[in-house]
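Inspection log for the structure reproduced underneath, given as structure tokens.
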Amino acid sequence: MSIVQEPAVPPTPPVPLAALLSREDLALREVVAGPGPGVVIHAAHTSEMSDPFPYLLGGELLLTAGVHIPRAADEDAYFDGYVSRIVAAGGAALGFGVAPVRDTVPRALAAACERHGLPLLEVPQRTTFAAVARAVWQLMAQARLAELRRVSEAQHGLAAAASSTDPVPAVLRRLAARLGGRAALYGPEGAEIATVGREQPEGTRAALADLARFVAARPSTTATDTVAGVHLSAYALGAARDGFVLGVAAPHREPGDHTIASVAAVLLTLLTGEHHSGTGAARSSALVRLLLGVPPEEVAPLLGDAAHWHVVHAHPDGTARPEGTAKPDSTARPDGTDGTARPGARPVPDPVAASALGTALGSPLVDTAGDVVRVVLPAGREPAPQPGWTLGVSAPVAPRDWPAADAQAARALARARARRTPLVRHADRPALTDLLPDEEAEAHARALLAPLAAVPALPETLRTWLSLHGSWDRTAVALSVHRNTVRQRIARCAALLDADLDDPDVRMELWFALRRI
């Protein structure tokens with residue numbers, strides 16, 4: 001049993017290799033089959049390097065025309081080493097383009113792929129590598145759209161169930177049906193209050209109850225386990241003090257299942273927490289007292305017995321979206337040209353996503369203002385990175401210092417977004433940029449970067465390139481464009497800014513400026 005931080009969901013899911021082979025317009029031929037029917041690819045990458053290992057991230061369909069093959073090489077030895085390096089790098093499959101170098105797929109290459117268990121495809125002369133890459137992107141986009149529709153339909157169904165006359169069992173039934181498994185609600189001390197859905201293998205029911213007790217006894221809000229091939233998940237409903245936990249057992253786990261279960265957890269929190277404790281009345285009393293001028297330190301005991309509190313500012317992550325949330329203004333094309341979203345178009349969190357974030361952090365004190373969600377929680381519940389969100393966390397403060405903590409969290413969130421990191425905590429020692437007046441710093445940044453404003457893709461590319469220490473390949477992967485596109489954009493930035501981007505002083509000043517826009 002383990003507490004698991006859900007991985008960030010990529011903008012698009014992987015593509016089954018079989019789906020690519022079924023595209024008649026590509027006419028790909030499978031020369032060597034994969035080790036099983038479940039081979040998937042995460043990208044298509046073209047390389048004529050004799051050792052592609054340094055250029056692969058894992059999961060790629062590597063495309064080559066064999067330009068790298070030495071004329072007088074021992075092909076058996078050469079291809080064995082070549083294929084072994086692809087497998088070692090995590091490559092998912094190899095596509096060999098026939099003509100202009102070779103008229104057929106080399107037999108030695110097929111034999112090496114057979115030995116190392118690497119699927120090998122023949123790419124006909126009429127099919128360009130660009131067409132294969134575009135087909136991979138299209139299949140990913142279609143799969144992601146289908147997943148978003150599935151999650152959206154599930155959200156509407158759960159909301160309808162929550163508004164029925166017997167909401168708690170209705171939500172559990174709808175959740176179990178959506179995930180094809182079993183859903184259970186556990187009360188204080190781990191007692192099973194209600195359970196619906198398909199029966200699971202022996203031992204999973206007891207294991208799910210144990211997982212629920214594990215979550216209820218700790219600050220963490222989610223835990224997962226696998227028993228007898230069944231995926232088990234437990235979600236704390238609200239704060240641990242309420243003692244209610246949602247348990248889910250399903251034979252399969254799809255990318256959107258975590259979002260669907262999280263929505264159900266939020267709804268069940270609203271249906272159970274407020275009606276089984278005095279927390280709702282206490283929060284209302286605290287709000288009234290604040291409106292009437294009572295100091296925060298006198299109101300804080302109504303919200304809990306914590307002496308110190310964190311303020312958290314959260315913003316939806318523009319690259320790792322919360323599951324089931326569409327990335328706004330995203331018109332990026334496979335080659336990354338002119339389809340870039342406007343940098344000023346920030347995603348706005350919806351109330352359900354904001355409530356789910358509060359549940360994940362363990363606090364019902366959630367406020368949504370514009371594109372930022374603010375959460376206040378006791379200092380004992382240390383915030384952890386949340387998939388799909390960028391977080392800025394204040395130092396633990398007494399209630400009288402909540403306004404100062406709010407400012408700290410805002411600055412920490414700004415640093416987190418500039419660094420492209422999921423969570424930044426306020427440091428006791430301020431950074432140099434924290435000492436600059438915001439208005440003056442922003443005015444200088446706008447003036448410095450004004451030459452790039454006409455082309456929205458340039459500031460974003462420059463920001464990503466600087467954050468990755470000038471790595472062409474990592475920047476290309478982060479922006480889903482070709483590395484040559486990155487080089488062209490950075491060269492254009494240098495020309496428009498009339499700056500030497502190899503100068504560390506120039507890079508530092510540009511980085512500070514990019515953090516302010």
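When reading the values below, keep in mind they use all heavy atoms of this one structure, side chains included, and skip hydrogens, waters and symmetry mates.
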| F214 vs D225, side-chain contact (heavy atoms from CB on, under 4.5 Å): CA-CA, chis, key distance, verdict | CA-CA 11 Å; F214 177 85; D225 199 1; over 6 Å; no

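- A donor atom on one side chain and an acceptor atom on the other are not found under 3.5 Å apart for H231 and D257.
- Ionic pairing of R420 and E460 is present here: one or more N-O contacts between side-chain nitrogen and carboxylate oxygen are shorter than 4.0 angstrom.
- A cation-pi arrangement, defined by a distance under 6.0 Å to the six-membered ring centre and an angle within 45 degrees of its axis, is present between R487 and W472.
- Counting heavy atoms from C-beta on, the side chains of R492 and V455 come closer than 4.5 Å.
- Side-chain contact check for E509 and H444: at least one donor-acceptor pair (N or O, by modelled atom type) lies under 3.5 Å.
- Proximity of Q155 to I260: side-chain heavy atoms (C-beta onward) are nowhere separated by under 4.5 Å.
- Using a 4.0 Å cut-off between charged side-chain N and carboxylate O, E382 and R425 make a salt bridge.
- Distance CG/D473 to NE2/H482: 9.5 Å, rounded to 0.5 Å.
- One finds the CH2 atom of W137 at 9.5 Å from the CD atom of Q142 (value rounded to the nearest 0.5 Å).
- Counting heavy atoms from C-beta on, the side chains of Y235 and T269 never come closer than 4.5 Å.
- At a threshold of 4.0 Å, the pair R150-E147 counts as salt-bridged, since one of the basic side-chain nitrogens sits closer than that to a carboxylate oxygen.
- Using modelled atom types, one side-chain atom of R463 and one backbone atom of L514 make a donor-acceptor pair closer than 3.5 Å.
- When atom types are taken as modelled, the side chain of T485 and the backbone of V481 share no donor-acceptor pair closer than 3.5 angstrom.
- Summarising the geometry, atom CG belonging to L452 is positioned 5.5 Å from atom CG belonging to L458; distances are rounded to the nearest 0.5 Å.
- Taking the side chain as every heavy atom from C-beta outward, L246 and L237 approach each other to under 4.5 Å.
- Closest approach of R174 to G157, counting heavy atoms only: NH1-CA, 3.0 Å.
- Taking the side chain as every heavy atom from C-beta outward, R182 and V196 never approach each other to under 4.5 Å.
- When all heavy atoms are compared, the tightest approach of A445 to A513 is CB-O, 3.3 Å.
- Atom CG of D401 sits about 8.5 Å away from atom CD of Q408, to the nearest 0.5 Å.
- Shortest non-hydrogen contact noted between A478 and T464 is CB-CG2, 3.8 Å.
- Atom OG of S363 sits about 11.5 Å away from atom NE2 of H310, to the nearest 0.5 Å.
- The two residues L172 and A183 make their nearest non-hydrogen contact at O-CB, 3.7 Å.
- Residues W309 and A300 come closest through the heavy atom pair CZ2-O, 4.1 Å.
- Remark: the backbone N or O of A184 is not paired with any side-chain donor or acceptor of T195 at under 3.5 angstrom.
- Taking the side chain as every heavy atom from C-beta outward, D367 and V375 never approach each other to under 4.5 Å.
- For the pair L357 and V373, the tightest heavy-atom approach, listed with the atom from each and the gap, is CD2-CG1, 4.1 Å.
- Note that OG1 of T204 and CG of L211 are 12.0 Å apart. Values are rounded to the nearest 0.5 Å.
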List the atom pairs, donor and acceptor, that lie under 3.5 Å between side-chain atoms in residues 493-508 and the rest of the protein, sequence neighbours left out.
residue	atom	partner	partner atom	Å
D500	OD1	D502	N	3.0
D503	OD1	D505	N	2.8
R507	NE	L501	O	2.6

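- Side chain of S471 to backbone of L468: no donor-acceptor contact under 3.5 angstrom is found.
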